[in-house]
Amino acid sequence: MTTRRAVARLPLVAPASVGVAFVVLPLLALLIRADWAHLGTHLSSPVVGQSLRLSALTTSLTMVAVWGLGTPLAWLLARSEHPLTAWGRALITVPLVLPPVVGGVALLMTWGRRGVLGGWLESTLGVTLPFTTAAVVMAEIFVAMPFYVISVEGSMRGLDRRFDEIAATLGAGPVRTFRTVVVPMVLPGIAAGSALAWARALGEFGATITFAGSFPGRTQTAPLGVYAALERDPQAAIALSLVMLLVSVVVLGALRSRWLR
Amino acid sequence: MTTRRAVARLPLVAPASVGVAFVVLPLLALLIRADWAHLGTHLSSPVVGQSLRLSALTTSLTMVAVWGLGTPLAWLLARSEHPLTAWGRALITVPLVLPPVVGGVALLMTWGRRGVLGGWLESTLGVTLPFTTAAVVMAEIFVAMPFYVISVEGSMRGLDRRFDEIAATLGAGPVRTFRTVVVPMVLPGIAAGSALAWARALGEFGATITFAGSFPGRTQTAPLGVYAALERDPQAAIALSLVMLLVSVVVLGALRSRWLR
Amino acid sequence: MSAEVFLDARVEVVLGGFRADVALARGRGVTALLGPNGSGKTTVLKALAGLHTLTSGHVRVAGRAWAGDVRHLPPEERAVGMVLADPLLFPHLSLLDNVAFGPRSRGMPRASARARAAEELGRVGLADLAGRRPSEVSQGQAQRAALARALATDPELLLLDEPLSALDPQTRSATRADLAHRLREFPGATVLVTHDPLDALTLADQLVFVEDGRVVQAGTPTEIIARPRSRYVAGVVGLNLVHGTLAPGTPATLALPGGGELVVAEVPAGAGAGDELLATINPAAVTLYTAPPEASARNLWQLDVAAVTVTGQRARVRLHGIPGTDLVAEVTLGAVAQLGVSPGARLWAGVKATEVAVYPA
Amino acid sequence: MSAEVFLDARVEVVLGGFRADVALARGRGVTALLGPNGSGKTTVLKALAGLHTLTSGHVRVAGRAWAGDVRHLPPEERAVGMVLADPLLFPHLSLLDNVAFGPRSRGMPRASARARAAEELGRVGLADLAGRRPSEVSQGQAQRAALARALATDPELLLLDEPLSALDPQTRSATRADLAHRLREFPGATVLVTHDPLDALTLADQLVFVEDGRVVQAGTPTEIIARPRSRYVAGVVGLNLVHGTLAPGTPATLALPGGGELVVAEVPAGAGAGDELLATINPAAVTLYTAPPEASARNLWQLDVAAVTVTGQRARVRLHGIPGTDLVAEVTLGAVAQLGVSPGARLWAGVKATEVAVYPA
Amino acid sequence: ASSSPGTPAGGTSPGEAPRTVTVLAAASLTDVFELIAADFEADHPGVTVEQSFSASSTIVQQVNEGAPADVVALAGQSSLEPLEQDRRATEPVVFTTNTLELAVPADNPAGVGGLDDLTADGIRLVVCQPEVPCGAATQTLFQQLGISPQVASFEPDVRATLSKVALGEADVGVVYRTDVAAAGDRVVGVQIPPADNVVSSYPILAVSDSPLAQQFIDEVMSGRGQQHLAGAGFVAP
Ligand SMILES: Nc1ncnc2c1ncn2[C@@H]1O[C@H](COP(=O)(O)OP(=O)(O)OP(=O)(O)O)[C@@H](O)[C@H]1O
Ligand SMILES: Nc1ncnc2c1ncn2[C@@H]1O[C@H](COP(=O)(O)OP(=O)(O)OP(=O)(O)O)[C@@H](O)[C@H]1O
Ligand SMILES: [Mg+2]
Ligand SMILES: [Mg+2]
């Protein structure tokens with residue numbers, strides 16, 4: 001009977017297996033072709049440590065900003081009944097499509113010294129953003145925040161409105177309600193959105209190299225390091241990628257098992 | 001009273017506004033700096049039409065593959081109670097983090113002439129994948145499918161199991177149930193996942209350039225066209241990006257209003 | 001329960017196509033708000049809480065204006081407590097922190113808020129479960145915690161929206177006792193929305209019936225049981241209600257609007273032919289027969305069974321066929337079997353004239 | 001309804017810590033399956049449908065083996081139809097296509113499947129609504145469509161899991177009539193899970209009571225009404241049940257396990273002292289007093305009110321205090337007010353010996 | 001050439017003596033400029049050279065948008081054109097030149113031996129896209145030779161071109177001589193006769209008024225700098 005059952009499921013299992021294989025085979029190939037013998041050497045190069053540290057730093061700062069800005073934004077989008085909300089939502093989605101390099105150019109046009117805001121920033125505050133670690137973080141926020149907002153807004157829309165109302169009758173204003181009721185209640189959604197956004201920020205390349213350049217230790221994140229190494233020392237690039245994969249599987253796996261259903 | 005209310009909401013509205021501004025300002029800067037006077041000239045260049053057509057073709061093929069492979073995969077992941085399922089899910093997430101260029105390298109290592117499978121493909125079937133339009137589609141599938149699977153699996157897990165059971169008692173086997181019950185019932189989730197995946201495929205650059213190269217009309221998609229144009233004629237690149245943005249806002253907007261809540 | 005007006009409100013709210021306009025002027029104590037589905041009960045409660053903005057009207061509680069022509073205090077600035085059918089405890093907080101949420105939000109330091117919360121939980125008999133998460137307690141316990149939470153802010157106005165309706169019958173009964181006990185100690189005004197006559201009769205000093213956004217009858221439970229003024233109100237207190245015009249001549253007869261008639265034993269003093277009257281018939285006084293009987297019942301109709309419901313060994317049979325009204329009869333389970341009472345069956349129903357109570361419309 | 005065995009099953013299923021082991025051997029016709037929450041009714045139904053795999057046992061329907069030692073037909077290969085409390089109509093299909101889903105899945109061409117579906121919809125009175133989406137019909141209509149869908153595949157075994165429980169009382173009654181009507185025409189065997197005694201009494205030929213995964217009593221409705229054998233069964237038919245040992249001497253008295261006693265008027269022929277007996281008391285035969293009365297009731301207890309529920313003008317009062325059992329009394333609403341019946345009150349309850357029916361345990 | 005993360009770039013703030021010099025250089029200069037920067041830092045105690053290597057066009061875009069840089073070194077004269085006049089603090093000077101070379105995989109499976117093989121059947125040729133300097137030079141080469149070989153892909157930069165060859169996907173690629181040298185044993189170079197070859201000039205200029213900018217340019221032009229360049233395969237102008 002079991003075999004009959006298996007045959008009946010084949011039209012589902014076959015394409016699903018192809019799908020898995022399609023994604024997993026290249027990862028396996030990376031593993032197979034990795035220069036395991038010299039992995040230690042590759043990873044001990046200062047560039048590797050430096051760029052991984054910088055990636056850890058910038059993606060952490062990015063997540064702080066994404067949480068701080070994106071969570072209230074998602075909440076307002078989720079609860080707004082204004083007809084313009086749909087537009088706001090569409091605008092937030094756009095950076096998903098923009099080629100990252102163009103995103104970097106757009107950031108330069110905004111925050112560069114001659115940019116729409118950058119000139120004013122420099123003349124009044126004396127701050128120049130391009131080529132700084134701050135620029136890396138900005139580029140990562142720009143590409144990662146849409147993933148977060150779209151995903152978190154979805155969970156927030158699922159939150160029963162009556163919880164907000166009850167909190168209000170108990171004396172909690174909008175901010176207190178947001179902080180003590182909404183955020184704790186949608187934590188799983190926030191975790192899922194954070195995973196997507198963090199993954200996107202960690203892999204970010206195009207906007208960063210354009211807006212922030214590739215200065216080792218200051219703006220050369222792991223993907224930029226991978227790119228730089230790819231020419232001279234592809235095995236080091238692959239080793240660095242494997243470390244990124246490992247880190248992200250661990251981080252995502254931990255998140256998933258703790259938060260995601 | 002309204003002003004008091006507004007003040008009370010400020011700690012939410014302020015960061016949300018910063019968040020929106022952060023994403024929208026660079027888009028505005030692109031619009032402001034665009035060379036509107038010569039937009040027609042920029043867009044009439046054959047490269048623009050060619051690369052947009054190729055992007056339309058490849059992302060369409062990508063979506064067909066993503067639907068065909070990703071939907072059964074999402075369903076099996078959603079209903080599986082096997083302990084390995086969590087691992088499968090984590091593996092599927094990994095390409096989100098891989099720098100796209102490394103993804104391209106991994107694809108070359110798998111499907112390239114010297115790749116794990118590519119060598120065998122070439123010697124037995126005489127098929128070489130790199131530098132072909134097929135390679136573009138494969139690269140896009142590789143980066144886009146995870147978004148689709150993760151998103152659709154979420155909606156499928158929300159589907160009441162009793163619908164499957166009722167369908168079974170009515171005589172529908174697993175495949176028929178999937179086709180006639182599951183897929184129609186999670187269409188909104190499929191639409192949301194498709195939007196994310198399509199956007200990701202449309203913006204895809206790094207894996208494509210690495211795995212498929214850049215040949216006008218064959219593998220030079222819109223983002224590759226943008227990148228090429230950026231070298232010599234940034235205004236043409238921006239014009240092309242604006243067209244991509246417009247197309248995607250229209251496509252996503254149409255999807256959103258039809259399908260997304 | 002003092003007699004001075006403590007809650008003085010007239011709330012007019014427009015929601016899409018629906019419009020509620022309800023006035024309440026009450027002292028301290030419990031007011032039950034009853035009405036069919038969609039009649040606007042929840043709307044009124046939300047307006048009192050500040051969750052809907054008034055189109056016109058006012059809300060004054062304990063002499064303080066909460067809402068009026070230019071004023072609309074947001075809910076968090078009103079001394080209000082609210083409990084809905086769902087407990088809606090915050091799932092990420094322990095019962096203690098749920099109850100402490102209100103005091104904390106109103107600025108009490110953490111330690112005092114928790115002490116206060118522990119005290120409130122004790123009052124509803126949940127002292128032992130203070131550390132539990134909402135998912136770890138039963139529904140009845142959760143609802144008691146929700147009540148404690150609403151009361152922990154010392155509200156002046158307590159709003160209860162069908163607080164017992166989501167509980168299963170046994171839990172409901174126990175929770176009703178706790179609620180009654182706790183309400184007796186509560187010094188403010190309570191507005192209790194309910195569908196359950198027992199809640200209304202056992203918990204409230206005053207009943208207000210709304211239909212389609214308007215008050216249709218208000219009074220003490222005793223007044224209402226004796227003289228329901230609408231079909232819905234009669235249904236709540238378990239009686240059949242008939243509206244008719246006193247016909248001339250004897251025996252005293254009510255002409256029913258649909259064309260039938262109802263013979264009654266006595267009419268209110270001073271009623272004359274042509275007066276509009278209301279009449280109630282206890283369902284237990286309706287006798288069912290399979291064939292027209294030779295009996296003393298002065299009123300006899302041939303009717304269709306529309307529906308049957310059973311509680312214990314007793315069935316309530318809804319009958320169709322008197323123009324303009326349905327008649328409910330209460331019979332034993334034995335009779336159901338013996339008479340073949342099932343939807344669609346055709347039966348004779350008799351009511352003695354002496355069993356009809358008549359009063360002015 | 002032929003007498004030959006049409007459905008022959010013994011299903012043993014283990015789910016986590018729960019184990020059901022239920023045998024059914026029935027001809028065509030309707031079997032009602034009753035039992036408390038969590039007793040395993042749904043588990044048995046799913047096992048019959050093939051949605052749970054048997055740990056041991058077998059399922060044979062119309063002489064065909066559906067499940068046994070080596071065989072486990074998947075649900076889609078069993079001639080089965082299932083209706084749950086939720087209609088679970090496929091929301092993306094019209095009622096017609098919902099009903100045609102089964103025939104289509106079993107290979108019928110589209111046109112014939114739709115013709116068949118239209119016919120089934122007609123039989124449950126929904127011919128007019130065939131083109132509507134499930135969201136556009138009422139719950140009662142949806143449930144009738146679900147029934148039509150289950151029957152459109154000509155199942156040999158129809159499984160109904162509380163098919164009326166999610167409907168509001170009025171709709172339930174109307175839908176029960178449709179169900180009764182449709183079941184009368186259905187040639188196969190039906191297993192109906194229900195909590196509602198009226199469903200069981202009006203729809204089923206045979207009642208099977210399960211508790212904790214085991215059959216505790218089975219028989220025709222008449223047998224069961226007369227002699228319930230467990231507290232749960234007695235509750236379903238609305239009676240108080242007492243388990244006791246016949247004491248020696250007169251008047252005939254049952255010694256109750258908790259230490260009390262119950263005087264009865266007569267005992268079953270042949271019963272002797274020390275025999276285990278069951279006794280039922282109709283709740284309407286229990287009289288309540290605020291003070292011990294000078295009355296003919298041979299049984300008198302002082303008890304606490306645990307819960308009160310009201311239907312129409314009648315209240316059911318659950319009383320605590322006879323060791324080992326609760327007593328339910330049925331009184332009028334007037335009596336509730338007059339006696340001050342509310343949870344926590346202490347009252348006297350009397351039962352005449354002649355009102356106690358006794359039979360062997 | 002590094003500093004702690006977060007240090008703002010720029011040596012242009014007036015008043016105090018600049019401590020850093022920010023150099024944006026074409027990717028093909030990566031190895032050489034790191035050596036030159038080390039020399040420069042050794043000679044200027046307390047001064048840090050910040051370097052970012054990317055595509056010449058990206059560099060120009062960054063400088064045009066006001067990114068804080070001091071020195072710019074590009075591959076190919078044509079890369080300079082989009083650099084706005086008011087960004088230029090000094091006139092560009094050509095500090096070195098580069099020539100093209102054919103790169104083939106280490107095992108040279110197609111047996112490429114010279115320019116003639118580029119037009120052979122079944123040869124998979126990758127070149128840089130015409131928009132970038134090495135691509136422009138390649139096009140000039142083909143024009144001079146009067147050939148139009150089948151190209152499999154126009155890569156966005158030398159790096160991508162080279163990696164196609166290194167991974168064996170392409171049989172041959174046209175890249176700079178210096179890139180073949182930098183790639184080590186992963187690829188083998190096939191010389192192009194000097195007569196046929198195309199010479200690309202590398203311009204360098206200051207884009208800020210920092211005194212260190214000119215000093216760094218001087219270092220590049222110095223004998224020591226030119227020696228490093230020559231060591232990597234570059235040819236003095
Ligand atoms: N936000 C809204 N927009 C438009 N109409 C609404 C809204 N909320 C409620 N209504 C309508 O107002 C009417 C009154 O609703 P309300 O919830 O107050 O009734 P209710 O008396 O509480 O009924 P129930 O007994 O079912 O709880 C209904 O017709 C409802 O459809
Ligand atoms: N998948 C499962 N895994 C473990 N235990 C289960 C599972 N499904 C049901 N149970 C347990 O089996 C027992 C019987 O459940 P079942 O649903 O059959 O009861 P039921 O008689 O239908 O109850 P109800 O009247 O509430 O519908 C319950 O204790 C339940 O918790
Ligand atoms: Mg309501
Ligand atoms: Mg069940």
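Each chain gets a letter, A, B and so on, in the order its sequence line appears, and its residues count up from 1.
- Between Arg9(A) and Pro174(B) the shortest heavy-atom distance is CG-CG, 3.7 Å.
- Going from atom OG1 of Thr110(A) over to atom CZ of Phe22(B) covers 9.0 Å, rounded to the nearest 0.5 Å.
- Note: Arg200(B) CZ to Arg200(A) CZ = 6.0 Å, rounded to the nearest 0.5 Å.
- Looking at Met109(A), the atoms closer than 4.5 Å to chain B (heavy atoms on both sides) sit in the backbone and in the side chain alike.
- Residue contact with chain A, scored on non-hydrogen atoms closer than 4.5 Å, involves the backbone and the side chain of Val23(B) alike.
- Heavy atoms of Val24(B) lying under 4.5 Å from chain A belong exclusively to its side chain.
- Heavy atoms of Trp198(A) lying under 4.5 Å from chain B are absent altogether.
- Heavy-atom distances place the side chain of Ile238(B), and not its backbone, under 4.5 Å from chain A.
- Proximity to chain B is absent for every atom of Leu240(A), based on heavy atoms less than 4.5 angstrom apart.
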Given the rule in the side-chain contact (heavy atoms from CB on, under 4.5 Å) test, do Leu25(B) and Val116(A) qualify, once you have shown the distances and angles that lead to the verdict?
-> CA-CA 9 Å; Leu25(B) 277 179; Val116(A) 179; 5.8 Å; no
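- When the candidates Pro72(B), Pro26(B), Pro95(B), Gly203(B) are compared by the number of heavy-atom contacts under 4.5 Å with chain A, Pro26(B) comes out ahead.
- Options Ala199(A), Ala222(A), Gly70(A) differ in how many heavy-atom pairs under 4.5 Å they form with chain B, and the most are formed by Ala199(A).
- Within the 4.5 angstrom heavy-atom criterion, no atom of Leu31(A) approaches chain B.
- Put simply, of Val18(A), Leu69(A), Leu76(A), the one with the most heavy-atom pairs under 4.5 Å next to chain B is Leu69(A).
- Looking only at side-chain heavy atoms (C-beta outward), Val102(B) and Leu30(A) come within less than 4.5 Å of each other.
- Between chain A and the residues Leu28(B), Leu107(B), Ile92(B), Leu245(B), the largest count of heavy-atom pairs under 4.5 Å involves Leu245(B).
- Neither the backbone nor the side chain of Val143(A) comes within less than 4.5 Å of any heavy atom in chain B.
- Of the listed residues Leu98(B), Val66(B), Val149(B), the one with more heavy-atom pairs under 4.5 angstrom with chain A than any other is Leu98(B).
- Closest approach of Ala106(A) to Ala29(B), counting heavy atoms only: O-CB, 4.2 Å.
- Annotation for Met145(A) and Gly19(B): closest pair CE-O, 3.3 Å, computed over non-hydrogen atoms.
- When every heavy atom of Pro15(A) is checked against every heavy atom of Gly68(B), the shortest pair comes out as CB-O, 3.6 Å.
- Heavy atoms closer than 4.5 Å to chain A are found in the side chain of Phe178(B), but not in its backbone.
- The closest side-chain heavy-atom distance from Val20(A) to Leu73(B) is below 4.5 Å.
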Would you sort out whether Phe205(A) and Phe205(B) count as a ring pair (Phe, Tyr, Trp, His ring centres under 6.0 Å), showing the intermediate values?
-> CA-CA 10 Å; Phe205(A) 172 79; Phe205(B) 173 79; 8.2 Å; no
